[in-house]
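I have placed the structure first, in the form of C-alpha cells, so that the comments after it can refer back to it.
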Amino acid sequence: MKRRYWILKNEVTDYSIDEMKKDGQTDWTGVRNYQARNFMMKDMKAGDWAYFYHSNAEPPGCAGIIEISREAKPDLTALDPKSKYFEKRATKENPVWHCVQVKFKRKLKRLVPLSELRENPKLKDLLLLQRGSRLSITPVSQEAFEEIERMSKEIR
DNA sequence: GCCAACGTTGGC
DNA sequence: GCCAACGTTGGC
C-alpha cells in the first residue's frame, strides 16, 4: 500500500519536536476541526509519514518527521473535564473527536521555515501555503514531502 | 498585540 | 437555511 504524507501543525509553546523526540511516541490529541479530524479518521494509515510543523513559533516551519503509528481512536481529552480540550457533548458512546498515535522519526537537519516554503515554486500548490489556510492537518504530495526534506539539507 | 481569514453558533 | 456576530488560528 502506498504511503501517504501529511503536515501536522502544533503550537510550539504546547509541544515541540524536542518533546516529541524525548517522548518517542504520543497521541495527537486536541484536534477540534472536522476537516482535520476526517483526514485522521478516513485517510491516515499506520506507516504514513508527516512533518511536525511548529506554528506560533519564531520562525514557524517544518521541524521534523514523524510516523503515524496507530490509526484513529477516540480522543479521550474530549471526555476529561480537566482538559482544555474538554467538550461537553462528547460521550463514551459518541466521543466526537479522534486522534492518531504518532512516533518520532527524526529531526530535520535544520528547521525549514515557512518563508522558504513560500519562496519555493515547487511548493506553490502546498495546501498549507494557500491563502487563509488554517487547517492543522493537511495532506502533502510525495514530491513536495521530498522537496522539503531536500531543503532541510541545504546550507543557508 | 494586531488583525485577516476562517469556522461555528444561534436567532430568525 | 440564511447570515450576523462571535471565537479561533496563526503569521507578522
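Labels below follow one simple rule: chain letters A, B, ... track the order of the sequence lines, proteins then strands, and each chain is numbered from 1.
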Scan the side chains in residues 92-102 of chain A for donor-acceptor partners under 3.5 Å anywhere in the protein, sequence neighbours excluded, and list what turns up.
from, atom 1, to, atom 2, distance (Å)
A:W97, NE1, A:E87, OE1, 3.1
A:W97, NE1, A:E87, OE2, 3.2
A:Q101, OE1, A:S69, OG, 3.4

Problem - Any pair counted as ring pair (Phe, Tyr, Trp, His ring centres under 6.0 Å), so long as it reaches residues 116-156 of chain A, sequence neighbours left out - result: A:Y5-A:F145, A:Y51-A:F145

Fill in the blank from the handout: Walking DNA chain B from its 5' end, the first of A:N56 and A:N33 to be reached, judged by nearest nucleotide, is A:N56

Completion exercise
The complete set of ring pair (Phe, Tyr, Trp, His ring centres under 6.0 Å) pairs with one or both residues in residues 108-142 of chain A, sequence neighbours excluded, reads none

Exercise for the section: Give me the first and last nucleotide of DNA chain B, going 5' to 3', that has any atom under 4.0 Å from a heavy atom of chain A. Expected result: B:dA5 to B:dT8

Practice task
List in chain and number order the residues that pass ring pair (Phe, Tyr, Trp, His ring centres under 6.0 Å) with A:F39, two or more places apart in sequence or in another chain; answer none if no residue qualifies.
Solution key: A:W6

Exercise for the section: Please name all residues satisfying salt bridge (Lys or Arg N to Asp or Glu O under 4.0 Å) with A:K45, sequence neighbours left out, ordered by chain then number. Expected result: none

Fill in the blank from the handout: side chain to side chain donor-acceptor pair (under 3.5 Å) filter on A:N10, not counting sequence neighbours, yields none

Exercise for the section: Any pair with a residue in residues 121-141 of chain A that passes side chain to side chain donor-acceptor pair (under 3.5 Å), sequence neighbours left out, goes on the list, sorted by first then second residue, please. Expected result: none

Fill in the blank from the handout: Residue pairs meeting ring pair (Phe, Tyr, Trp, His ring centres under 6.0 Å), one or both in residues 59-87 of chain A, sequence neighbours left out, come to none

Exercise for the section: Please list residues of residues 123-138 of chain A whose heavy atoms come under 4.0 Å from any atom in DNA chain B, ordered by number; otherwise none. Expected result: A:R131, A:G132, A:R134

Practice task
Show your working on salt bridge (charged side-chain N to carboxylate O under 4.0 Å, His left out) between A:D75 and A:R37 and close with a plain yes or no.
Solution key: CA-CA 10 Å; A:D75 179 348; A:R37 184 203 70 172; over 6 Å; no

Practice task
Write out all pairs satisfying salt bridge (Lys or Arg N to Asp or Glu O under 4.0 Å) with one or both partners inside residues 14-30 of chain A, taking only residues at least two apart or from two chains.
Solution key: A:D14-A:K84, A:D18-A:K107, A:D27-A:K73

Practice task
Give the angle between the helix axes at the two ends of the helix from B:dG1-C:dC12 to B:dC12-C:dG1, taking five base pairs at each end and rounding to 10°.
Solution key: 10°

